[in-house]
Structures are given as structure tokens and as C-alpha cells.
Amino acid sequence: MRLRRALLALSLGFAALGSQRGEAAVPALYTAAQAHTGHATYEQKCAMCHGKHEQGMVGPALKGPIFASKKANYKVEDIYLFMSVNMPAYAPGSLTPKQYVDIMAFLLRQNGFPAGQSALTSKLASSSTVPLLYHGPKAVQASPGVAATCPPAATGSVSNPSSHCKQSP
Amino acid sequence: MTMFARLLRNASAWHVPCRIVACDGLPVGYRTCRARQQYSGEYSTMKVNQTKHRLSRLWLGVSLAVALAPATAALAAGYPQVTNARLAAAQNDNGWLMFRRDYAGRSYAPFKQINTANVNTLHEVWSYQSHLKQGYESTPIVNGQYMFITTPKDHLIALNAVTGKVLWKYVKPMKGVGFKTVCCDVVNRGVALYGDNVYMATLDNYVVALNAMTGKVVWQRELKPADVGYAMTLAPMILKGMVIVGESGGEYGARDFIQALDAKTGALLWRRWTTAAPGHLGGNTWPKGMYKHGGGSAWLTGTYDASTNTLFWGVGNPSPWLAKLRPGLNLFTDSLLALDPSTGKIKWYYQYTPHDSWDYDGVNTPVLTSLSYHGKEYKAIVHADRNGWFYAINRVNGKLIYAEPFTRATSVEGFKDGLPYTNNALRPTMTKQIFTCPSFLGGKNWWPISVDPQTHMAYVPTMHTCMTMKGAPTFYHAGLPYLGESFEVVHDPADHSWGALQAINVDTGRQAWNHDSALPWDAGAMSTAGGLVFSGSARGHLYAFDAQTGKILWRSPKLSSGIIAPPSTFMVNGKQYVAILAGWGGGTPIWGGKMVPVVKSIPRGGHLYVFALR
């Protein structure tokens, strides 16, 4: 049932994550390949401050219900515009637009946005008014080829996103 | 005697119950619950260390058994009340009662037991390790035999200052807090003391008062919600029964303020907004409405002059960073405020950097000292600013006495009629990238200076950097940075080292001696009547310099991390101790541009060390 509904939604370019609770459908804004590349760039350029699992270290968490909250009221464009101008902190704006777009795709994935068929572009990301809300752990998995290094106790706790890979930074 | 019996014997003599809950939550064997205490000399540090697992496990039983047992000789005097009189004379106290030791902010101690002749025999007495990996910026505060330190993310730990035994630990609950608007590491700079309370200001904008003996919360008050621009990292100040704090948020378009609360109850007394509203003094120095998101953070503890009853407090940079967006002087950003402490009313102000476009916060401690300049005596404030200039200001009337650059300083070009002027060619725009010095991290960042009345020198941790800077798009969104500039911190092309500790003669503003450091020097300074200056390096050594000449007289063994905190010193039972927190972090490894790779391999983690003579 659920699977069929999800497939249907996907074919429309949307995934129905969370729809069983009556929430609005979550748009697919990026491709899986973008998020995959973005993950590698994130690890290289961002993880040292935001944590290997985006859980926060000296910089804030970039995943989860506190980061992507109603209260924070971020739209995708807010985060994209901010980070592409101001991050990484030691060399703001130093990555290529493609690198920022891929990282944005990765962050969307980590916050439970589904991958889709059409690619995110710098133009789309910098004008997307889609609310950046945390949509659960569905997509929160390591990309193939990138080792998942959660501590043993935390692996498998995917059903509880906030404890996924949670650790004292 | 078995280990357990010895432990029990010692345990039954404890005055202050180590609350087992307070020490909970860490893996067994972790050293928080004192695996490394000194039991009346019966156990060497090594020996206890080897048995730490056993000890920690025993600890549970012992603590439960004797949690309420009374008193050692060691703590028999109980907790000495911190009174207004003691704070006013904090300079001569045996403890270290406030952030910079006394209201003058000098961080100068009158102790001579450790001195130029014997400092080379300093050795570690005890240490305490913390598991958090972010930066440690707190000064160990000491009253009687109680020591208080804070860690990243607002943990507060009370220890026995002689043995290192953990008395209690408080962890500020941070449920739902994202640490989003904390620019420069999730740090805390330590506590304040009053009566039998200890006070902490937190990253989620609480002021918390706890009982110093038990760690129980007496009151707490939230000044602003978390994650919308505001945060607090400073050590509170106690003055005349008030606890005074200041907010951070100059990178996020917060409108910042200095807040006085009743130290007994937490009731709000007065609030001094640091950006001027229309109709008030300075209100015409902002474009319409921009003061509402104008920054002006007040993120470092102020000082106080009893002779004129004046509270001094520094104010940080304007928001957004790009000055083009907010024509005007933007008062009172980057300024020294002289306040009436009973109302928060401004007596006078002095703006260090007018219409700042370079993030030159004016928060660095304004230190009270007397000095003689060109044959004239002054009651002065000396201040090493982020903009690279060392200021001496008449603290009675707010007039400049002199200003001298203490590193390469090109943004503020010079002074006319006692006021600074800037090089307007070095103001970035959306289309123009500029190169100027110092970088926004400052000729000196918050790392406090010390002023020694014997040598008439100020000991100034110094950073030698420049930066590129260019306008960039920005927008105000509560909780996101509001900068409007991109930048990169680079080397001062004319200097070979990133950092230094230098001595500046306060009677001239000129350098007296200099200790160069290949790595940045991000730690506070302390001087003593023993003729010494203490400060720690990024490599992780605590140094003792000859205060007069700068000669290195002692260097600690390499500590487990680099140092960004200021040291403190205190006397217990006639013995002088020196305390320092190691724990690399802070702003440099985040925003440091070309410095970031240089400091990347510095090990992380907090470690408090206490030294004394052999």
C-alpha cells in the first residue's frame, strides 16, 4: 500500500514521506548522484566543523528537527544562499557553484528530502521557497562507497533520527 | 590497609558531599570522578592512575555510603562568603574571585612565593580531564578551597582546589537548542561568585545562579530565546549585589545589550541597549530602523572604577558587517561605554573604530591603571583593540591620552583631535576586494591582557594577520548570519610569525619586549608580584616569562592540548598554585583562513592543570 503510494508520488516528482500522518508531500529537488557527490565534498570541506554525521561540533548541526525546524523557518534558498556565500568558515565562497549545489542536495537528503529525476541547479537552489523542514530519517543513509561510521550502539537506530549516530562530538 | 579501606577513611572525612548524580553519566573509568586524587600523599599520582578503574567503581559505593559525612580539616572552614567588601579588595584575596581577578581587570596577583628565582621548579599537582572536544576558554575561579571551571556547552564543575576532587558538576540542559548563532565555538569563559552562589551565563541566554557548595540551582532567568541571534559566552560580573552580563550576536543582526539582574533573585534591573534608537544619544547615527538589527554585542566582562563609580563595558561590531549598508557612525558599536552602574545610563563613550566594515569588536577588556605620559599623571584605561591599536584613555573624562599600533594596522589609519579615522580606500564594496590589516580576528582577539603595576607594562597576546574582504549578498533572517562580506585571513606579509606575546610600556604605548610564536598565540595573560608573566601556547605549554625582560624562565611539559584560556593563581594554606585549562578551539580554527591548516593538528580536549612549587 504505502509503497504503491510512494511510487505514485515519485512518478509525479514528489514523494509522500510522512503522508500517512497527513503532512504535505515533500518535493524531490535533487538527484541521488548529486547527493552522493555532495556527501564526499561535505566530508572534505564541512565535516570538521559540522560533524561527520552533520550532528554539529563547533558549527551547528545541519540535520534533524532542531536544524530544520518550523521555528527556524528556513527555506531552501536561505540555507543555500547563506552557505554558498559564507561557508566554509575559513574560506567563505571558495567552492564552485556545482560543489555548493551538490552539498545542498546532500543536506536535503540528510533531512529526509527524497531524490528525484531532475537535478538541482544553483539557480533553483537560490530561489527555492520550499520550507527546509526535517522529514525524518528515510534518506539518512550513507551513500554507497562511503563508510558509515556510527558507533556500534547507534547503528540501526534509524527509526529514531535524533539518535542516529548521535555522540559526544 | 586495603585500597577500599583507605578510600573509606578519606571519604568519611569529606566535608562536602560529592553528589554522585553530579558525577554520573560518564563511562566508568573516565576520570571525571577523580581517579587521580591525592590522598594525603599516600598515593602518588601514578599509583592512583593505575588503579583508576577500580577506584571509579568503588567511588559509587563510597559516595552513596558517606554522601553526607562531615568535614575534613581541608574544608573545615566551609565555603567563605563572597561579600562586596571581599570583591572590592579581590586584588589581595588569597583566592581568584572574578574573571580578571579584580575590578580593575589587571589580572595581577600580589603573590611572591612563586618567583623568578624558583619558578623553574614548578610542577603539576593535580589535573582534571573533560570529555568535550570544543574549546576551553574559562579562567579557574577560586574561593577558599573551592575552584570553579566551565567547559564548552556550559558545564560547570566545582573542584577542591588543593586535591582536584570533583565536588559537583552541573550541565546546563540544552533541550531543543541548536547552537546556531554561536560564531566562534561553543565556549564559556567562566563564572562569577557572590554570597554562596556561583553564576554562569549560557549559550541559550540564561543566567543561572547555583549554590556553590551543592551545585543546586537557586534561580535561573532566560534573557532571550536560543538560536535567533543571541548567545552568551562571557563570565558574569558581580557588582553591588547585581549580576551583570552582556549578549553576543553581532554576526546575526541581533540588537545586543548589557543586562543587570538582582544577584539574589534574578530580577531584571536595567538593560543598556548597545545600538542607539532614534531620539536617544547616538540615535541619528543609523539609517532608519537599522539599529534594530545592528549588533553591538557586549560579549566580554567589563571593569569597574570605584573612585568615580563607573562601570566600563566594551561593545562589539555592527551588523551587517558591510558598512556600505548602514551609513553613519553606528553608535555604540566598537565603543567603550562608561556607565552609571545603578541605572546603566551612559556617562560617556569612546568609539575605537568608526563605521566599522572589518568586524573590529571593541569588547576587549578595558583595564584600569595609572600611567604617566609625557610627564603627566593619568587615571587611565588601557585597551588593546581588535583594530590593532593600543589605546590609553583618560577614564575620568573619556579623552584619548595616546594610541599606538601594536601590530600592522591599516584600516584605522591614524588619529585627529583624539579620534580615530579610517582609510576609506580600504572599505570593501560589492565590486571591490580590499586587503587590510589586521584581519577581523584582530591584532588581539578576546584573550585578555594583564597589566603589572610593578613594571608598568601591559602583556598583550597578539595576532599578526591581514585579510582580503569583499562585499557579498546578505539578508536578515533571525538565526542566520548577517554579514554581507566574504573574506580570507592571511599572513601579514611583513611578519614571519602568526602570533606573539608582547609587553607594552603603558607610559609610552611602545613595545618593551616580544616573544614571537610561529603558531597563533590565543591565550590570556597573568602577571604576579613574583616578577612573572604567565600565558599558554597553542602548542600546549604554559610559560612563565620574566615580567621585566621577557626571558623564558619556565615552560611546562607539553599539555594534552593547546591553550586558549587565561591562567589564574591562588593561595591555600600558605601555598601558591597556578591553574590553567588546556583545550584548543575558539575562533582561530574556524575563521582563521590560512591559519586553519597550520593549527589543524593541535589535539583537542579539555584538561585542567594545577601547578605548585616542588
Side-chain angles (χ1 to χ4, degrees), chain A residues 44-52 54-95 97 100 111 122 125-127 129 131-134 151 153 162 166-169, chain B residues 25-27 130-135 152-153 174-187 225-228 251 321 468-490 585-597 599-600 604:
Chain A
Q44 218 191 332
K45 303 282 183 183
C46 322
M48 71 176 93
C49 294
H50 291 284
K52 198 168 167 54
E54 308 83 58
Q55 79 278 18
M57 201 340 230
V58 300
L62 298 180
K63 173 184 82 184
I66 297 176
F67 165 64
S69 64
K70 279 219 170 70
K71 188 180 123 197
N73 191 27
Y74 298 146
K75 302 190 171 40
V76 170
E77 60 174 1
D78 296 332
I79 290 302
Y80 180 77
L81 285 172
F82 163 70
M83 74 145 164
S84 59
V85 171
N86 288 109
M87 288 289 139
Y90 57 83
S94 61
L95 311 190
Y100 284 117
N111 284 284
S122 183
S126 55
S127 60
T129 55
L132 184 51
L133 293 172
Y134 183 64
S162 61
K166 196 170 134 194
Q167 57 197 6
S168 285
Chain B
L26 286 171
S130 156
H131 63 294
L132 295 165
K133 298 291 183 207
Q134 294 95 338
K153 296 198 168 176
M174 291 284 181
K175 197 163 177 280
V177 175
F179 306 99
K180 292 182 187 193
T181 53
V182 183
C183 71
C184 304
D185 203 351
V186 287
V187 296
D227 294 334
V228 295
E251 276 57 64
W321 282 13
T468 59
M469 191 170 248
K470 190 175 181 218
T474 191
F475 53 95
Y476 175 74
H477 180 111
L480 280 179
Y482 186 39
L483 303 182
E485 286 175 343
S486 64
F487 39 78
E488 189 183 28
V489 176
V490 300
T588 294
I590 300 175
W591 301 103
K594 290 272 193 277
M595 265 182 300
V596 170
V599 299
K600 206 170 163 180
R604 295 289 192 131

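Just so it is clear: chains get the letters A, B, ... in the order the sequence lines come, proteins before strands, and each one is counted from 1.
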A.B. asks: Using non-hydrogen atoms and a 4.5 Å limit, figure out which bit of Val187(B) sits close to chain A: side chain, backbone, both or neither.
C.D. replies: neither

A.B. asks: Could you state the interatomic distance from CE (Met57(A)) to CZ (Phe179(B)), rounded to the nearest 0.5 Å?
C.D. replies: 13.0 Å

A.B. asks: Sort Leu483(B) into side chain, backbone, both or neither according to what part of it lies under 4.5 angstrom from a heavy atom of chain A.
C.D. replies: side chain

A.B. asks: Has the side chain of Lys180(B) got a donor or acceptor atom that lies under 3.5 Å from a matching backbone atom of Ile66(A)?
C.D. replies: yes

A.B. asks: Considering all heavy atoms of both residues, which atom of Gly178(B) and which atom of Pro60(A) are nearest to each other, and what is their separation?
C.D. replies: O-CB, 3.5 Å

A.B. asks: Please tabulate, for side-chain N and O atoms in residues 80-89 of chain A, each donor-acceptor pair with protein atoms closer than 3.5 Å (sequence neighbours left out).
C.D. replies:
| from | atom 1 | to | atom 2 | distance (Å) |
| --- | --- | --- | --- | --- |
| Tyr80(A) | OH | Ser122(A) | OG | 3.0 |
| Ser84(A) | OG | Tyr80(A) | O | 2.7 |
| Ser84(A) | OG | Leu81(A) | O | 3.3 |

A.B. asks: Take Tyr74(A) and Leu480(B), measure what side-chain contact (heavy atoms from CB on, under 4.5 Å) needs, and give me the verdict at the end.
C.D. replies: CA-CA 9 Å; Tyr74(A) 298 146; Leu480(B) 280 179; 3.7 Å; yes

A.B. asks: Quick check: does any side chain N or O of His477(B) sit under 3.5 Å from a backbone N or O of Ala72(A), one acting as donor and the other as acceptor?
C.D. replies: yes

A.B. asks: Relative to chain A, which segment of Phe487(B) carries a heavy atom at a distance below 4.5 Å: side chain, backbone, both, or neither?
C.D. replies: both

A.B. asks: When only pairs under 4.5 Å are counted, which of Gly585(B), Pro481(B), Ser486(B) shares the most heavy-atom pairs with chain A?
C.D. replies: Pro481(B)

